[in-house]
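Whatever order the structure lists them in is the order used to number ligands and atoms, beginning at 1.
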Amino acid sequence: MDVLISPSILSADFANLERDLGRVATADMVHVDVMDQHFVPNLTLGLPVVERLVQVSPVPVDTHLMIEDPDRWAPGFAEAGAASVTFHAEAARAPVRLARELRRLGARAGLALRPATPVEPFVDLLPEVDMVLVMTVEPGFGGQSFLDVTLPKIRRARRAVEEAGLDVWVEVDGGISTETVERAAEAGANVFVAGSAVYGADDAAVAIDDLRRLAAAAHRHA
Ligand code: DX5
Ligand code: ZN
């Protein structure tokens, strides 16, 4: 299972986004949190900014849409060239149609679950997506503590993917650090979002390396 590190620019300097994308050039992707102040109580950035980030990013852009009505707004992020577009299961009206549309536009389609949303109702949809994002904090803000109550769900998501014989990535987002990354990896996550742990470090490249190494070792032991 490949370990992929996706630093979240929510913890970057919003006045210096291009510079801060450069700080994470050794990562596998860069995670961009789009929030609309309705689905979550925070507002970040939208399509015009993502269009520019895609143009200047040294690594593929992994968008996480914490927005209402993704059926209407998510395809625009695929058209903008985001490598991955993840929408929330709680917000999508027609998740299968939306995932197919994102793939048709050339993006990987991701399905995100808030901490209290079970994975079971979505197991039959797994062939339609490329990634399941298990939120390991309540979405909305960086710098929160990892919720251990989400570990069984990470495990169930990974098991469902394996039982279906699919190559669907399991991404975790929220509170990922050198303290928690091994627990998430042992449970079956292979894509690790980290905001404060990477951008709060003196050397982001070292932080990325540390997370990658710990996650890979945890997979070997799992
Ligand atoms: C929170 C966002 C996360 C956030 C994670 O709703 O989805 O991507 O940036 O931040 P950390 O890694 O600091 O918990
Ligand atoms: Zn996120």
Side-chain angles (χ1 to χ4, degrees), residues 3-14 17 20-21 23-24 27-46 49-50 53 57 59-68 70 73-74 77 82-91 107-117 130-151 153-154 169-185 189-202 204 206-208 210-212 214-215:
V3 168
L4 303 172
I5 307 295
S6 188
S8 168
I9 59 159
L10 189 59
S11 295
D13 177 357
F14 273 17
L17 288 174
D20 278 2
L21 285 172
R23 289 180 64 196
V24 299
D28 301 284
M29 305 187 277
V30 66
H31 186 83
V32 175
D33 290 300
V34 175
M35 306 186 190
D36 67 352
Q37 213 156 50
H38 291 273
F39 184 73
V40 287
N42 196 2
L43 183 67
T44 53
L45 45 82
V49 177
V50 172
L53 295 177
S57 178
V59 291
V61 171
D62 168 37
T63 52
H64 175 196
L65 307 183
M66 284 158 277
I67 60 172
E68 285 180 1
W73 302 114
F77 292 86
S84 174
V85 179
T86 296
F87 59 87
H88 268 267
E90 306 85 358
R108 295 176 60 90
L111 182 73
L113 307 171
R114 302 182 78 127
T117 305
D130 301 289
M131 183 163 81
V132 174
L133 167 50
V134 176
M135 285 303 302
T136 45
V137 298
E138 287 294 348
F141 301 94
Q144 303 180 75
S145 299
F146 182 84
L147 295 173
D148 280 287
V149 292
T150 62
L151 286 168
K153 182 163 58 175
I154 299 168
W169 294 347
V170 177
E171 182 175 60
V172 283
D173 181 9
I176 298 296
S177 68
T178 51
E179 299 292 306
T180 57
V181 69
E182 291 161 294
R183 301 211 281 284
N190 72 300
V191 185
F192 303 87
V193 176
S196 44
V198 169
Y199 280 106
D202 290 337
V206 170
I208 291 165
D210 288 346
L211 291 172
R212 195 182 272 130
L214 289 169

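For the ring pair (Phe, Tyr, Trp, His ring centres under 6.0 Å) test, residues two or more places apart in sequence or in another chain that qualify with His31 are His64. Residues satisfying the side-chain contact (heavy atoms from CB on, under 4.5 Å) test with Val40, not counting sequence neighbours, are Met35, Met66, Pro139.
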- Message: Before you tell me yes or no, could you show the steps for Val34 and Leu45 under side-chain contact (heavy atoms from CB on, under 4.5 Å), namely the whole-Å CA-CA distance, both residues' side-chain angles and the distance that decides it to 0.1 Å?
- Response: CA-CA 6 Å; Val34 175; Leu45 45 82; 4.1 Å; yes
- Message: Assess the residue pair Ser8 and Asp173 against the criterion (side chain to side chain donor-acceptor pair (under 3.5 Å)); give the C-alpha distance rounded to whole Å, side-chain angles, the decisive distance to 0.1 Å, and a yes or no.
- Response: CA-CA 9 Å; Ser8 168; Asp173 181 9; 5.8 Å; no
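Within 6.0 Å of the CD atom in Glu179, the count of heavy atoms belonging to other residues, nucleotides or ligands does not exceed 12.
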Atom pairs and distances, ligand 1 N/O vs protein N/O under 3.5 Å:
from     : atom 1 : to     : atom 2 : distance (Å)
ligand 1 : 6 (O)  : Gly140 : N      : 2.7
ligand 1 : 7 (O)  : Asp33  : OD1    : 3.0
ligand 1 : 7 (O)  : His64  : ND1    : 3.3
ligand 1 : 7 (O)  : Asp173 : OD2    : 2.8
ligand 1 : 8 (O)  : His31  : NE2    : 3.3
ligand 1 : 8 (O)  : Asp33  : OD1    : 3.1
ligand 1 : 8 (O)  : Asp33  : OD2    : 2.8
ligand 1 : 8 (O)  : Asp173 : OD1    : 2.7
ligand 1 : 8 (O)  : Asp173 : OD2    : 3.1
ligand 1 : 9 (O)  : Ser8   : OG     : 2.7
ligand 1 : 9 (O)  : Asp33  : OD2    : 3.2
ligand 1 : 12 (O) : Gly195 : N      : 2.8
ligand 1 : 13 (O) : Gly143 : N      : 2.8
ligand 1 : 13 (O) : Ser196 : N      : 3.0
ligand 1 : 13 (O) : Ser196 : OG     : 2.5
ligand 1 : 14 (O) : Gly175 : N      : 2.8

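Under 3.5 Å, the side chains of Ser84 and Asp130 contain no donor-acceptor pair of N or O atoms. A side-chain donor from one of Asp62 and Ser6 sits under 3.5 Å from a side-chain acceptor of the other.
Around the Zn ion (ligand 2), the protein N, O or S atoms closer than 2.8 Å are His31 NE2, Asp33 OD1, His64 ND1, Asp173 OD2, listed by chain and residue number.
Put simply, the residue from Ile208, Val172, Val198, Leu4 that forms a side-chain contact (heavy atoms from CB on, under 4.5 Å) with Phe192 is Val172.
Using modelled atom types, one side-chain atom of Gln144 and one backbone atom of Glu138 make a donor-acceptor pair closer than 3.5 Å.
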